[in-house]
Amino acid sequence: MKLPEVAGLALAFIARLVTGAQGFWHGTSPKAEQRIYFANHQSHFDWVLIWAALPRDLRAVTRPIAARDYWTASPLKHWITREIFNAVYVSRQRHKDGTGDDEDPLEPLMEALRNGDSLVIFPEGTRGHAADPAPFKSGLYALAQAFPEAQLIPTWIDNVQRVMPKGEVVPVPILCAVVFGAPIALAPDEERRAFLDRARAAVMALRDVA
Amino acid sequence: MGTLRALSVTQQVGLLFVVLFGLLTLITLVAFSRTLQEAPPEKVAARERFARELRALWVGAILFWVAWASGPLGSTILFGLVSFFALREFVTLTHTRRADHRALLLAFFVVLPAQYVLVGMRLIDAFTVFIPVYVFFAIPVISALANDPFRFLERTAKIQWGVTVCVYGMSHAPALLLLELPGYRDRGAFLVLFLVVVVFVAQAGQELASRRIRRRPVARAISRTFSWRAFAAGAALAGVAGVLLFWITPFKPLPALAMGAAAGAAGTLGEFVMKALKRDAGVRTWQGGSSVTGGVGLLDRLAPLCFSAPVFFHSVRWYFGT
C-alpha cells in the first residue's frame, strides 16, 4: 500500500469515528456506474463525509471539485486533494482584464466525466447555514445536458453542520447520515430553472428519510 | 466450593470466562439449530430480535474479557471508547446549538479522557469528584463565553446530563474492575460480572413480569410495560440472583441480596429514564431498524449499566467502609 492509500484509510477511519458516516441507499445502490452525486453543502466536512460513506472501491473513481487557488496554496493541501482525493481543480474567478486562463469553469468537470469518472458536486455553490439549501446554480444543468448517460444521484447530508460549524476547526463527534436517493434525469425539453428546482426538491425530499 | 477456593485468583477468573463463553456458545448453538426449522413469520421476527440481542451479548462478553485481559490500561481505554460512542449518540439525539461547540469539545476531548485517566490511575477520590464538582462548574462557563443566551440553562443542562450519564456513570465500571478491597484483591472482574448479571436479571424479570401480570403502566406515554409490580418483581429477582452469586463476591448472602436488588433496580430505572429521552428525541422504533440519524441503539443497552454502576460502586465502598 502506498502512502496516499494509507492516509486515505486513516482519514476515512477518523471520519467514521467522529461522525459514524453512515451511508443509506434509498432507491439506488452503490454500483460502479458513472454518476454525478449532488448534495446540500453546509461544511468543509461534507465531501469527506460522502467519501467515507461510499464503499471503498467507489471512493477511487468518485472525485470532488476543489477550488484551485485555495487547495493548491500549500504543499500539504495540494498533496491531500491530488493524491488522496484525486480532486478536479477548478479556477474560481476569471481574470477581469482578460489575462490568465480564460477557460470555462465547467471544462475540468467535463474532462473528468469524459474520462468516465464520477463526481460529487454541491450545486448551491457555497456553504449555507439555513435549514433549507439555497437555490441551485446552473452547473448541474449543463453537466446533465452534456452527459445524459451519467446518473444524477440526489444526496442529503444530515447533521454535519453540527459537527463543524463555520469558523470552527475541531469537529465535535456527532453522528451524521448520508442518504443517497433515486437518480433523476433531465427531461427532453425541460427548462433550466424547472430542472434545478426539481433537483433541489429531490435532495430535500431525502431529509425525511434521514 | 473448596476446590474452587484452592485455585489462584487468575485461575478463578479464567474459569469464570470459560463458563461465560461456554454458556454463550451453547445458547448460540441452540438458537442456530432453531433457525433451521420452519416457523410462522412472527416467530421468525422474534428469533431475529433474539439473534440481535445475542450478538450484543457476545460483543459485551468479548469486551469484558478483553478489558480484563489487557489490564488497567487496556480496560480503561476500552471503557473510555465505549463511553465516547455513548456520548456521541447522546449528543446526536439532543439539540445543541452552534454556541455549544466549545463546551462539547471540552466534554469529548478533555473531560472524557481525563476521567478515564483518573480511573486508570486508581485515584478513586479524584475521579468521584472530578465531574460533579469541577466539570459541573467548567461547562456552563465555557458555554457562557460563547455569547448565546438562547435557552442557556436547557442547553447546558443537557450537556451536563450527557457527561454525567455517559462518562461519569460508565467510568464506574472499569473502576469496579480496578477497585482494591481488603481480602479481595484482583477480583474486580467478579464484581463487574455480578453487576452485569443482576442488572440483566432485573430487566429480563421485569419484562417477563410485565407480560404475566397485566397492570396499568405508571407512565403510559413513556413505556407501556413499566409498572410498579413488574419493577418490584425485576428487582426481587435481581436480589435472588445476587444471593445465588454471593460466593463470587466479597459479600455475605444477605448483603449480596440487598446489593443485587439495589443495582438491579437502578439499572431498570435507568433504562426507563433513557426511554423517556429517546421518546423525546423522536426515536420511535425501539432497538434496531431505526431510520433516525443517531439512533444506533448503543445508549439503550448501556443505560442500565451507566445508572447502576455508580450506585453499586458506592454501595460496595460504603459496605467496606473504605
Side-chain angles (χ1 to χ4, degrees), chain A residues 13-28 39-46 48-50 52-53 127-131 155-182 203-210, chain B residues 77-78 80-113 139 142-143 145-148 150 155 158-159 162-163 166-167 278 281-285 288-300:
Chain A
F13 175 75
I14 292 171
R16 283 188 174 255
L17 193 67
V18 172
T19 68
Q22 299 162 291
F24 295 99
W25 300 79
H26 282 268
T28 178
N40 56 324
H41 197 20
Q42 287 176 308
S43 135
H44 275 320
F45 219 61
D46 286 344
V48 178
L49 206 59
I50 292 185
R127 284 174 287 151
H129 42 253
T155 305
W156 175 262
I157 306 172
D158 199 38
N159 243 357
V160 73
Q161 73 286 4
R162 293 177 61 200
V163 173
M164 205 153 77
K166 243 180 177 172
E168 294 287 345
V169 200
V170 185
V172 157
I174 286 179
L175 288 163
C176 299
V178 180
V179 190
F180 301 98
V203 170
M204 284 165 65
L206 295 172
R207 173 160 50 185
D208 303 326
V209 180
Chain B
I77 292 175
L78 205 69
L81 272 178
V82 173
S83 220
F84 175 87
F85 291 127
L87 187 60
R88 191 179 71 167
E89 190 176 346
F90 177 86
V91 171
T92 308
L93 292 177
T94 49
H95 290 279
T96 55
R97 284 165 65 83
R98 280 187 65 172
D100 295 323
H101 197 81
R102 296 279 162 88
L104 288 172
L105 287 181
L106 177 81
F108 274 105
F109 297 121
V110 180
V111 174
L112 195 151
I139 285 179
I142 302 279
S143 277
L145 286 174
N147 191 23
D148 180 1
F150 182 77
R155 284 163 34 216
K158 278 175 180 169
I159 300 174
V163 169
C166 302
V167 182
K278 288 235 157 174
V283 183
R284 266 187 209 88
T285 41
S290 113
S291 66
V292 175
T293 307
V296 291
L298 180 72
L299 210 48
D300 328 352

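Numbers restart at 1 for each chain; the letters A, B, ... are given by sequence-line order, proteins then strands. Treat the numbers as computed from the prediction; the structure is a model and nothing was measured.
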Undergrad: Could you go through the side-chain contact (heavy atoms from CB on, under 4.5 Å) check for B:Arg102 and A:Glu168 one step at a time?
TA: CA-CA 9 Å; B:Arg102 296 279 162 88; A:Glu168 294 287 345; 3.3 Å; yes
Undergrad: Find the distance between CG (B:Leu104) and CD1 (A:Ile174) and round it off to the nearest 0.5 Å.
TA: 6.0 Å
Undergrad: Spell out, as yes or no, whether a donor-acceptor pair under 3.5 Å connects the side chain of B:Arg88 to the backbone of A:Leu17.
TA: yes
Undergrad: Considering residues at least two apart in sequence or located in another chain, which fulfil the salt bridge (charged side-chain N to carboxylate O under 4.0 Å, His left out) criterion with A:Arg16?
TA: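 Listed in chain order: nothing, the list is empty.
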Undergrad: Give, as side chain, backbone, both or neither, the part of B:Phe84 having an atom under 4.5 angstrom from any heavy atom of chain A.
TA: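 The answer is the side chain of B:Phe84.
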Undergrad: Is there a donor-acceptor pair closer than 3.5 Å between any side-chain N or O of A:Arg162 and the backbone N or O of B:Thr92?
TA: yes
Undergrad: Is any side-chain heavy atom of B:Phe109 closer than 4.5 Å to one of A:Pro173?
TA: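 Answer yes - side chains close enough.
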